[in-house]
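Report on one structure; see the data block that follows.
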Amino acid sequence: MAPQRTTTTGATAVPALGDVPAPRRGGAPGKRRLVVVGNGMAGARTLEELLERGGGELFDITVFGDEPYGNYNRIMLSHVLAGEDDEEGIVLNPREWYSDNGIDLRCGVRVTSVDVHAKEVVDATGATTAYDVLVLATGSSPRIPPMDGVRRPDGSLLPGVQGFRGLDDTRQLLADARAHRRAVVVGGGLLGLEAAYGLREHGLEVTVVHSAAHLMNQQLDAAGGAVLRRSIEGLGVTVLTGTRTTAVTGDERATGVVLTDGTHVPADVVVLTAGITPNAELALRAGLTVERAVVVDDQMRCVDTGLAEGAAGVGGAAGGAPDGVYAVGECVQHRGVVYGLVAPLWEQATVLADVLTGADPRAEYHGSRTCTKLKVAGVDVAAMGLSEPERAEDELIVFSESSKGVYQSVVVRDGRLVGATLVGDVRRTPVLQQAFDRQLPLPEERLRLLFDLGAAGEEQGAAELPDDAQVCNCNGVSKGAITGAVAGGCTSVKGVMDATRAGKGCGSCKGLVGQLVELAADGALVEDPSVHWYVPGVPLRKHELVAAIREQHLTSVSAVFAALAPGGEHDAKSTMGLTSLLRTLWPDEFVDERGGRFINDRVHANIQRDGTFSVVPQMKGGVTTPEQLRKIADVAEKYEVGMIKVTGGQRIDLLGIRKEDLPAVWADLGMPSGYAYGKSMRTVKTCVGTDFCRFGLGDSTQLGIDMESRFQGLETPAKLKMAVVGCPRNCAEAYVKDVGVVAVGSGRWEVYVGGAAGASVRKGDLLATVSSPAEVMTVTGRFVQLYREWGNWLERTYDFVPRMGLERLQAVLLEDSDGLVAELDAALEESVGAYRDPWAEGAEPRTPGQFRTALPLVPLPLVPSRPTGAPGGLQADAHSSSAAVPVAAEPVPAGADA
């Protein structure tokens, strides 16, 4: 049965759940308390749908999330692992979105129990939160297959063994990919193959172990699985099917897995992707009915244990439903089915929002006909319905071109499409999906289902789709909605995607969306100018923005918004980028509005997932002294530092420091900040140079120290890392730094720019060969200043350099083709002269509450930094990544600096 919502024509929208009573425990007058447990894709989508229906006026909303982040697209984690996207690119709702909509977001706070009779939840901090309406959106967790050795005696997973479900899992896999060389992925479904592909992209030897006879057996038939296997093996991944892992080997860390036949497969990393388990424990302890998952009725209401047997299998409200308790997403079982795809979750969220807000009190969810269309390890795959015939009278039409990685099949029953499988070539998916969803009559010549015999091609196929054809499965967007957006004034692909959400899920439909927009625009397709704006809230390119700021002498973020933003409106997503830019333009005159900074920049330390901070003292060139090491050891003991870590940048990292202890830690260390937290010049890594190394051609150590002394703390569009090596053996990895300097003999040095060795790997381009350390300093300074002035916000040099072009950079910096060299030198000198050690604020805090403990955090209004001010726009910079990710939110005392 196709998904549907029952609506009543002409029905008047009424508040959900009867009359609106007085608020519970301190809520706003006239509002009900809505608590959402789970801040994943289902929970956040429910909030979006509620707000679209005026739910913000009906409810005081509190959201709990286990992860210390805002909401992100979990589907796209595989792209982050493969280096095709970064963390910022998959954020759906940054933390500012919650505060802008009046939502109390409690990130990193787990709910431990629910009392459905007292109507309250208790979280891990011991706090109690009352509710009138409760929505459980607790999602799912990786299933741990029954294997010996997978857990340690305390129940935790053996180091080296992990799932692949969240951002932390992805970060750990990226770290493992840099440190190890062999991986085993347990499970050859969609997620397992994506993990294998991502790890293989980082150069690891990867083996996939799958218990079924062929890959993706839940979606593909044996022939389709065989074609997919050939493509996966073509990537260099070893595939083992028809076997399973029985044990993980290793004492302190995983060293491999054992298969059913006793074979040992060596591995440093074991990734568990053998299915998921709905997170239903909270509901079970609350007395709700749990079978495979949390049982709900057609209006997403939960059911009390032992009451209304079979209620979840019929339409309407269940007689045993507890008052005001609902569930949505992967934790839900509806009519006996548990869905692991995103499209059914969106449909459930739409129905629940209709019910809760009263937009359609009779809305019902009747299940989903699912279609999977994804790129699996670089291979396009689409599947819907049956993968192979089940009855003797079923028709099977197959086309296979295995040498090209193409396999297509359709299953027809009684003249209707009941299944389709496409591997390698999925262009017919929209047509097949319409036939599948709407059970349309099929052509007598069945081959036309797979081929446009004599037709004009793919674009004509898109044009012939009916208006109610669903284009974006993830967000339920039809062709009519897309063409309607164009008719309504959207003439760019980005504009249509923003207006309709099409392409904002897995992204597999972006090509079709682009075709439909182009067809609907009828030649009037334009590029959305906002893609070129420096920040989203000010409609100017960077050079235009800089010119306006200079001309009007705007020295604060608030002044920029007032003068240049449409309507003078503040835009939370723009504050950090503007702060960085203004600090570059006005080194001495910049008015510091603390709400415009990342939380890391506000307290000059790197926030961690548990709300503590990381402190990295400066060690120029990676050189230290016994005295500094003693101080670090004393501080670590005195403040009970959780971990002491030697970083990849040749520094010592002290992790687990409480916010209120930061000033005392800095005072006891007596060392400057190492800038491991900022969008700034971070470190200069060096080798031992000529003092001790027999291969040294230049004094790299001293040059590195000199460079770090000169460029320390310089604000840049994104983090900036440097390295200096004394010979081309490259012991300090200079070739893959933002700026890398290499001694090549006879007093000469090569200066490389735009290198990368993170999720993206790129050898830097040779900018210049110079004859002295002084010339290195000059060329490097000019490049850094040009990057500061011309680089886009959060654009790393490995994107900036190719965008500008090496010849253009050489002409500007070495030949002074634009007459800018003198200005670059002067601007850099001004910024260098304005340097102040930020840890000095420990003795004289910029605001009274700057180092007051106030976690979890909440964003507050943007105000200038002065004793009466209050901060705002908090955002954390992930510890080992350039990506800005949201952090926990909770009310803080008035005037406190979180």
Report task. Fit a plane to each ring of Tyr69 and Tyr72, take the angle between them on a 0 to 90° scale, and name the class: parallel (under 30°), tilted (30 to 60°) or perpendicular (over 60°). Result ->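 Correct class here is perpendicular.
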Query raised in the report: Aromatic rings Trp839 and Trp666: how do their planes relate, parallel, tilted or perpendicular, breaks at 30° and 60°?
Result: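 The arrangement is parallel - the two ring planes meet at less than 30°.
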Side chains of [Y] and [X]: any donor to acceptor distance under 3.5 Å?
{"X": "Thr249", "Y": "Thr255", "value": "yes"}
{"X": "Asp176", "Y": "Gln172", "value": "yes"}
{"X": "Thr625", "Y": "Arg630", "value": "no"}
{"X": "Arg651", "Y": "Thr647", "value": "no"}

Query raised in the report: Between Arg182, Arg181, Arg178, which is the residue that forms a salt bridge (Lys or Arg N to Asp or Glu O under 4.0 Å) with Asp268?
Result: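 Running salt bridge (Lys or Arg N to Asp or Glu O under 4.0 Å) over Arg182, Arg181, Arg178 with Asp268 returns exactly one hit, Arg182.
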**Report entry** Member of Lys542, Arg803, Arg788 meeting the salt bridge (Lys or Arg N to Asp or Glu O under 4.0 Å) criterion with Glu795
**Finding:**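 One option only clears the test, and that one is Arg803.
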How long is the straight-line distance from [atom2] of [Y] back to [atom1] of [X], given to the nearest 0.5 Å?
{"X": "Met681", "Y": "Thr683", "atom1": "CE", "atom2": "OG1", "value": "7.0 Å"}
{"X": "Ser580", "Y": "Trp793", "atom1": "OG", "atom2": "CH2", "value": "4.5 Å"}
{"X": "Thr584", "Y": "Gln785", "atom1": "OG1", "atom2": "CD", "value": "7.5 Å"}
{"X": "Arg762", "Y": "Thr797", "atom1": "CZ", "atom2": "OG1", "value": "8.0 Å"}
{"X": "Leu824", "Y": "Leu813", "atom1": "CG", "atom2": "CG", "value": "7.0 Å"}
{"X": "Leu809", "Y": "Asp765", "atom1": "CG", "atom2": "CG", "value": "8.5 Å"}

Requested in this report: Please list, chain by chain and in numerical order, all residues satisfying side chain to side chain donor-acceptor pair (under 3.5 Å) with Glu544, sequence neighbours excluded.
Outcome: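 In terms of side chain to side chain donor-acceptor pair (under 3.5 Å), with neighbours along the sequence ignored, Glu544 is linked to no residue.
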Would you name the heavy atoms of [X] and [Y] that are closest together and state the gap between them?
{"X": "Pro717", "Y": "Gly791", "answer": "CG-O, 4.0 Å"}
{"X": "Val688", "Y": "Cys693", "answer": "CG2-CB, 3.5 Å"}
{"X": "Pro266", "Y": "His264", "answer": "CD-O, 3.6 Å"}

Query raised in the report: Just by distance, do the side chain of Thr716 and the backbone of Lys719 share a donor-acceptor pair under 3.5 Å?
Result: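 Flag not set: sc Thr716 to bb Lys719 has no pair under 3.5 Å.
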Report task. Would you mind listing every salt bridge (Lys or Arg N to Asp or Glu O under 4.0 Å) that reaches into residues 726-746, with sequence neighbours excluded? Result ->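 Output for this query lists Lys685-Glu733, Asp738-Arg796.
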Query raised in the report: Passes side chain to side chain contact (heavy atoms under 4.5 Å, CB included), Gln650 versus Thr686? Steps please.
Result: CA-CA 8 Å; Gln650 300 177 337; Thr686 69; 4.1 Å; yes
Query - Candidate pair Lys659 and Thr612, rule side-chain hydrogen bond (donor to acceptor under 3.5 Å, both in side chains), full reasoning - result: CA-CA 6 Å; Lys659 181 182 177 186; Thr612 62; over 6 Å; no
Query raised in the report: For Tyr534, which residues count as a ring-ring contact (aromatic ring centres under 6.0 Å, His included) partner, sequence neighbours excluded?
Result: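 If we apply the ring-ring contact (aromatic ring centres under 6.0 Å, His included) test to Tyr534, skipping adjacent residues, there are no hits.
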Requested in this report: Could you go through the side-chain hydrogen bond (donor to acceptor under 3.5 Å, both in side chains) check for Glu815 and Gln810 one step at a time?
Outcome: CA-CA 7 Å; Glu815 301 167 15; Gln810 289 172 329; over 6 Å; no
